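Have a look at the structure below before the remarks.
Values reported hereafter were calculated over all heavy atoms of this structure, with side chains retained and with hydrogens, waters and symmetry mates removed. Owing to the predicted nature of the structure, the values given are computational and were not obtained by experimental measurement. Below, chains carry the letters A, B, ... as their sequence lines are ordered, and counting in each starts from 1.
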Amino acid sequence: MKRLSTLSWVGVLSEADRNISSGVTRGPIWAALFFVLVGLCACADVLAVGTVATEAREYLQVGASTFVLKSDRAVDGRTCENLGNVTGVLGAGALRSTSQTLVFAATPSSPVPIMESTPGLGTVLGLAHKPADGLLVPRSLADSLGLTKGGNAPVLPPMPGRSAESNEVKIAGVYEYPEDGRSRDLGYLALAQVPGADVFDSCWLKLWPPDPEYASSLLRTALTSRKAQDATVRQLNSSRGLEFNPSSQYERRPTRYIWIIGLLGGFGLGTVSARTRKLELASNLHAGYPKRRLEGQMLLEGGFWVMSGTLLVSAAVVYLNRLYGLGLWGISALGGMKVPLCAALGALAGVWLATHTTREEALFSYFKER
Amino acid sequence: MLMRGVGLGHWFPATAALFSRLSFELASGKVYGLIGPSGSGKSTLLSILAGWIEPKEGKVEKEGIAAIAWVAQHPFGVGKRSVLDHVSLPLMCRGADRASAEREASELLEQFGLAEAKDRNFSALSGGEGQRLMLARAVAKAPQLLLVDEPTAGLDRRTAASVNERMGQLSHRNMIVVVATHDEATMSACDELIDLNKECG
C-alpha cells in the first residue's frame with residue numbers, strides 16, 4: 001500500500017462530509033442559533049435603515065425637497081427647464097399664470113384656472129416621464145370629474161389643448177397634490193404645457209438630497225437680470241422642516257454599530273461550536289491528525305452551518321426589504337447584509353481560533369480530572 | 001526501541017512523594033504492568049512517560065520512540081461515528097486513503113473482537129467494546145510506546161477478561177506497552193510488572 005506521510009486533503013474533506021452527514025457537526029442547531037442571533041441584529045438594522053428610507057421617501061413625496069423661485073415674468077423658462085439636467089436635480093420646470101379658465105362640461109358653474117408650464121414641471125410633480133401634449137390635472141380634480149390619463153374630457157368653450165373638431169381636452173397626466181402641508185398653488189387648476197423659450201413667473205426644482213442653499217443658487221441662475229432682487233425662494237412644503245440629510249440620518253441610525261454585535265455573536269457561536277468538540281479534536285490530534293488539516297476540516301464543517309445561517313438571514317433581510325418597498329438590492333438590503341456577512345466571518349474566525357488553540361494535552365487533562 | 005526511567009520521583013504540592021528513586025528499563029515487544037494501590041502514582045507515572053508531566057526527580061530516556069499512544073481509563077469516542085471510522089482515522093493520518101484504511105482497520109477490529117461491531121456507532125458500544133476499540137485505535141496509530149491507564153476499571157469480570165485477552169496479544173507487536181492497573185487478571189496478561197511501592201522502597 002502506497003502511503004503519503006500524512007492525512008490528505010481529500011481525507012480531510014471526507015471527514016468533514018461524514019461529520020456533517022452523521023450529525024456530529026450539529027449543523028442545523030448552529031445554523032438555527034446563527035439565524036436567531038444574527039437575524040435579529042440584521043433585521044433590526046434593516047428596520048432602522050428602512051425607517052430612514054421611509055422618512056426620506058415621505059420627505060420627497062410631500063414636496064419638502066421641492067424649491068420654488070418666484071419672480072413675476074422674470075424667470076427664463078429654458079434655463080429653468082435645463083436645471084433638470086444638473087446632478088442631484090430630480091426635475092425642474094417653469095410655471096406662469098394666465099387669465100384663461102377651463103369649464104368642464106360636468107361642472108359648468110366651476111371654472112378651473114389654467115396655468116402654463118414647461119414639460120419638466122411634470123417630473124417635479126412626480127410624473128415618471130415628461131408628459132405628452134395635453135393638460136395636467138391634480139388628483140382631486142381628476143377624481144371629482146372622473147378624468148384619467150390619456151382620456152378626453154368634454155369642455156364648454158374652446159380652450160387650449162382642445163381638438164379642433166370637438167369640444168374636448170386631452171388629459172396628458174394626473175399628478176398627486178394632496179393637502180399635506182404643501183402650498184396650495186397647484187391644488188385646483190389645469191396645467192397647459194408650453195415650450196420653455198419664454199419668460200415665466202416661477203421655477204420649480206426638485207433636489208435630492210435636499211439642500212436649500214444649493215437649490216437657491218441653482219434657481220437664481222434662471223432669473224432674467226431684470227427684477228432679480230425681488231425673487232424669493234421657498235420650500236413647497238415646510239411642514240417636514242427645512243433640513244433633511246438622509247446620509248447623516250443613515251450614519252446616525254441607532255443600529256449603525258450592530259454589525260459589531262453580529263461579528264462578536266458569530267465569533268462566540270463559532271468558538272462554542274468548536275469548544276464543545278474539544279475532546280474529539282484533542283483525540284484526533286492524538287491519533288495523528290495534523291493541526292492545520294484539523295483546522296481545515298473544522299472550517300469546512302463550520303462553513304456548512306455558517307453558510308446555511310447566512311442564507312437564512314439574507315432571505316429574511318431581502319424579505320423585510322421588499323416589505324418596505326425599498327427594492328431588492330436597495331441600501332437597506334446592502335446595510336442588512338453587512339451584519340450576516342460580518343457574523344459569518346466572526347463565526348469562522350471563532351471556529352478557527354477554538355480549533356487552533358486546542359491541544360492534544362486537553363485529552364489527558366480531561367481524563368486526569370475525571 | 002528502548003525507554004529508561006532513571007531515578008524518577010514525583011510528588012504534588014503539599015503531599016507526600018508518590019514515588020521516588022524509581023528506575024526501570026522497558027524494551028519493545030513486551031507488556032509491562034504498572035502496579036500499586038490507588039494513589040500510588042500509576043497514572044502520574046504514565047503521564048511522565050508520555051511527556052505530559054516533568055518528573056520532580058530523575059529523567060526519562062527514550063531511544064527510537066517517535067509516536068506515543070494513550071488509552072484512557074474511560075473509552076472516549078464520537079458517538080455518531082462508526083467503530084470503523086474510529087480506527088480508520090489514525091491509519092488515514094499515516095497517509096492511507098480511506099479505502100485502504102478501512103481494509104486495514106477491519107483487520108484490526110477483527111483482532112480486537114470487534115468485527116461484528118464495525119458498522120455500529122460508538123454510542124452503541126458496551127464498556128468493554130469501547131475499551132477494545134480504544135486499544136485498536138491506539139494500535140492503528142502504530143506507536144512505539146503504548147500507555148494504557150486502568151483498562152478494566154469499571155468493567156465486569158467477563159468483559160474485563162475480553163479486554164485482558166487483547167492486552168496480552170499486544171506483546172506480539174513491535175512496541176513498548178505499559179499498563180497501569182491494580183486488576184490481577186490484567187497483571188497476569190503482562191510480561192513484567194513494575195510495583196511502585198516496592199520500587200520506591
Quiz item: Minimum heavy-atom separation for A:Gly11 to B:Met92, with atom names?
Solution: CA-CE, 3.8 Å
Exercise. Of all the heavy-atom pairs spanning B:Cys93 and A:Ala287, show the shortest one and how long it is.
Key: CB-O, 3.8 Å
Quiz item: Quick one: are A:Arg18 and B:Lys80 in side-chain contact, heavy atoms under 4.5 Å?
Solution: no
Quiz prompt | Any B:Leu89 side-chain heavy atom under 4.5 Å of A:Tyr289 side chain | solution = yes
Can you tell which part of [X] gets under 4.5 Å to a heavy atom of chain A, answering side chain, backbone, both or neither?
{"X": "B:Leu147", "value": "neither"}
{"X": "B:Trp52", "value": "side chain"}
{"X": "B:Leu46", "value": "neither"}
{"X": "B:Asp149", "value": "neither"}

Exercise. Before giving the answer on side-chain contact (heavy atoms from CB on, under 4.5 Å), spell out for A:Val10 and B:Arg98 the whole-Å C-alpha distance, their side-chain angles and the decisive distance to 0.1 Å.
Key: CA-CA 9 Å; A:Val10 174; B:Arg98 185 171 287 281; over 6 Å; no
Residues, nucleotides or ligands: over 12 heavy atoms within 6.0 Å of [X] [atom1]:
{"X": "B:Glu61", "atom1": "CD", "result": "yes"}
{"X": "A:Arg256", "atom1": "CZ", "result": "yes"}
{"X": "A:Arg293", "atom1": "CZ", "result": "yes"}

Quiz item: Counting a contact as any heavy-atom pair under 4.5 Å apart, which residues of residues 114-129 of chain B contact chain A?
Solution: none
Quiz item: How far does CG of A:Asn19 sit from CG of B:Asp85, to the nearest 0.5 angstrom?
Solution: 8.5 Å
Exercise. Against chain A, work out which of B:Pro90, B:Ala50, B:Ser88 has the most heavy-atom pairs shorter than 4.5 Å and name it.
Key: B:Pro90
Quiz item: Quick one: of B:Ser82, B:Ala140, B:Ala69, B:Ser43, who has the most non-hydrogen atom pairs under 4.5 Å with chain A?
Solution: B:Ala69
Self-check item: Close contacts, residues 260-281 of chain A versus chain B, judged by heavy atoms under 4.5 Å
Solution: A:Leu279, A:Glu280
Exercise. List the steps and the verdict of side-chain contact (heavy atoms from CB on, under 4.5 Å) for B:Arg137 and A:His286.
Key: CA-CA 10 Å; B:Arg137 180 173 159 107; A:His286 184 62; over 6 Å; no
